[in-house]
Undergrad: 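First, the structure itself, so that you have it in front of you.
Letters A, B, ... are given to chains in the order of the sequence lines, protein chains preceding strands, and every chain is numbered from 1. Computed over heavy atoms, backbone and side chain alike; hydrogens, waters and symmetry mates excluded.
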Number of protein chains: 2
Amino acid sequence: MTDAPYHHGRLRVTLLAEAEQTLRERGIDALSLRDLARQAGVSHAAPRRHFEDRKALLDALANVGFTRLDREIRAAINSAGDDFPARLQAASTAFVRFAARDAALVDLMFAAKNAGQSPGLSEASERLFATVGDLIAQGQQAGALPPRSPERLRLLLVAVLQGIAVLVASGRAAPAQADALIADAVSLFARGPAAEAR
Amino acid sequence: MTDAPYHHGRLRVTLLAEAEQTLRERGIDALSLRDLARQAGVSHAAPRRHFEDRKALLDALANVGFTRLDREIRAAINSAGDDFPARLQAASTAFVRFAARDAALVDLMFAAKNAGQSPGLSEASERLFATVGDLIAQGQQAGALPPRSPERLRLLLVAVLQGIAVLVASGRAAPAQADALIADAVSLFARGPAAEAR
DNA sequence: ACCTGAACACCGTTCAAGT
DNA sequence: ACCTGAACACCGTTCAAGT
């Protein structure tokens, strides 16, 4: 919050931080480059230097989202001990918590239009996927998962986690239900439904 | 395509059909009320009679999406015979096919901002959820699913299906991978991973 | 290298008026 | 009941010009 004019790299960081907050509090429709510039006390054409267009800002936001989600999931896994189901549950809970807090950001991160798009974005999402892959590998080493096709297991786990997260983010599953959902997903994944009721 | 002026209910249907096509071919950013009006040969203020604002049009689109997805999944289930895994796979495949064809529409349908919103929208999505619930009930009656907590199983299945669909829609899973994903999900769900490799 | 200010085309929304 | 046309405020994007 210095009074000095925005120079160096300050504006980019400032715009991104403002955008994150606006996205969280008022949704993606309220996100305009001109408004962000106004908030930053800068002319409406200034953001252009740091984000080529609106889409570039959105990509950068999704990027930040993937990086932060990856960090939070890693932290959750690392503080969950050695037990595989416990680690899986910790990762799932971190994902759901993230989705509940930043629902609009999750929309952005998994939007279809970001298919094979910007390399920076796919790089960030691939780091998250790699973290899930590591978790799968650990589960297989611990004998908690079948030893075949880690790639397919990884995709399936990502699908389950993302599916639960979106259900929570869109309000179709209440936070209370989310815990039960996670528990079911974990037991399904780590031991199969056979362990649950057969 | 009559030459008569747009009256009666024709304009609403026309606008919706145009919007569906634009959404599919050019994405949600290309969807503007003014442009739709232009395509329909009508003044830019005319759509207002049928859609109060842009959000109302988007809600209607999501509504159409849920209704159509439900219909396609029902059809797939009904033509898949009596075997539960076969029905589950047919439903999953129909979902993925829908997502691959209408990726942007799927984004819209499961967007976070449609939380507890318009009653019409939640009604349409609940019909889809009910179809999944029926499938779960069939699976339990056939003894292919554990007899407890059908509600939780339903939510979990919706999460898995939606997760796979979004992975496909966003290009993070190739159509070829989607089949393997579905097969894994089906075997995980219908028999547990224990049946796969243990 | 970074930002400003004017300009352009486009948009959503509103409203008095037409048929 | 449904549509038109003008109007308003806002937006993304471009570009010559400033520091």
Undergrad: Scan for salt bridge (charged side-chain N to carboxylate O under 4.0 Å, His left out) pairs involving residues 155-166 of chain A, sequence neighbours excluded, and state none if there are none.
TA: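 Listed by first then second residue: nothing to list.
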Undergrad: Quick test of your reading: applying side-chain hydrogen bond (donor to acceptor under 3.5 Å, both in side chains), list the pairs with at least one residue in residues 77-89 of chain A, sequence neighbours left out, ordered by first then second residue.
TA: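 Residue pairs passing side-chain hydrogen bond (donor to acceptor under 3.5 Å, both in side chains), neighbours aside: A:R87-A:Q138.
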Undergrad: Give me each pair satisfying salt bridge (charged side-chain N to carboxylate O under 4.0 Å, His left out) with a member in residues 156-171 of chain B, each pair once, sequence neighbours excluded.
TA: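 Qualifying pairs, neighbours excluded: none.
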Undergrad: Pairs counted as Watson-Crick or G-U wobble with both distances under 3.5 Å: what dot-bracket string results for DNA chain C, using | for bases tied to another strand?
TA: ||.|||||...|||||.||
Undergrad: Pairs in or reaching into residues 37-52 of chain A: which pass salt bridge (charged side-chain N to carboxylate O under 4.0 Å, His left out), with residues at least two apart or in two chains?
TA: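 Sorted result for residues 37-52 of chain A: A:D35-A:R38.
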Undergrad: I'd like to compare against my own output: the B/S/- annotation of nucleotides 4-17 of chain C with a strict under-4.0 Å heavy-atom distance to protein.
TA: BBBB---BBBBB--
Undergrad: Please set out all donor-acceptor pairs under 3.5 angstrom arising from side-chain atoms of residues 95-102 of chain B, sequence neighbours excluded.
TA:
unit_1, atom_1, unit_2, atom_2, d
B:R101, NH2, B:E72, OE1, 3.4
B:D102, OD1, B:R24, NH1, 2.9
B:D102, OD2, B:R24, NH1, 3.0
B:D102, OD2, B:R68, NH2, 3.1

Undergrad: Among residues at least two apart in sequence or on other chains, which ones pass side chain to side chain donor-acceptor pair (under 3.5 Å) with B:R74?
TA: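 B:R74 satisfies side chain to side chain donor-acceptor pair (under 3.5 Å) with B:D70, B:T131 only.
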Undergrad: Quick one: side-chain contact (heavy atoms from CB on, under 4.5 Å) partners of A:F129, sequence neighbours excluded?
TA: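 A:R154, A:V158, B:R172.
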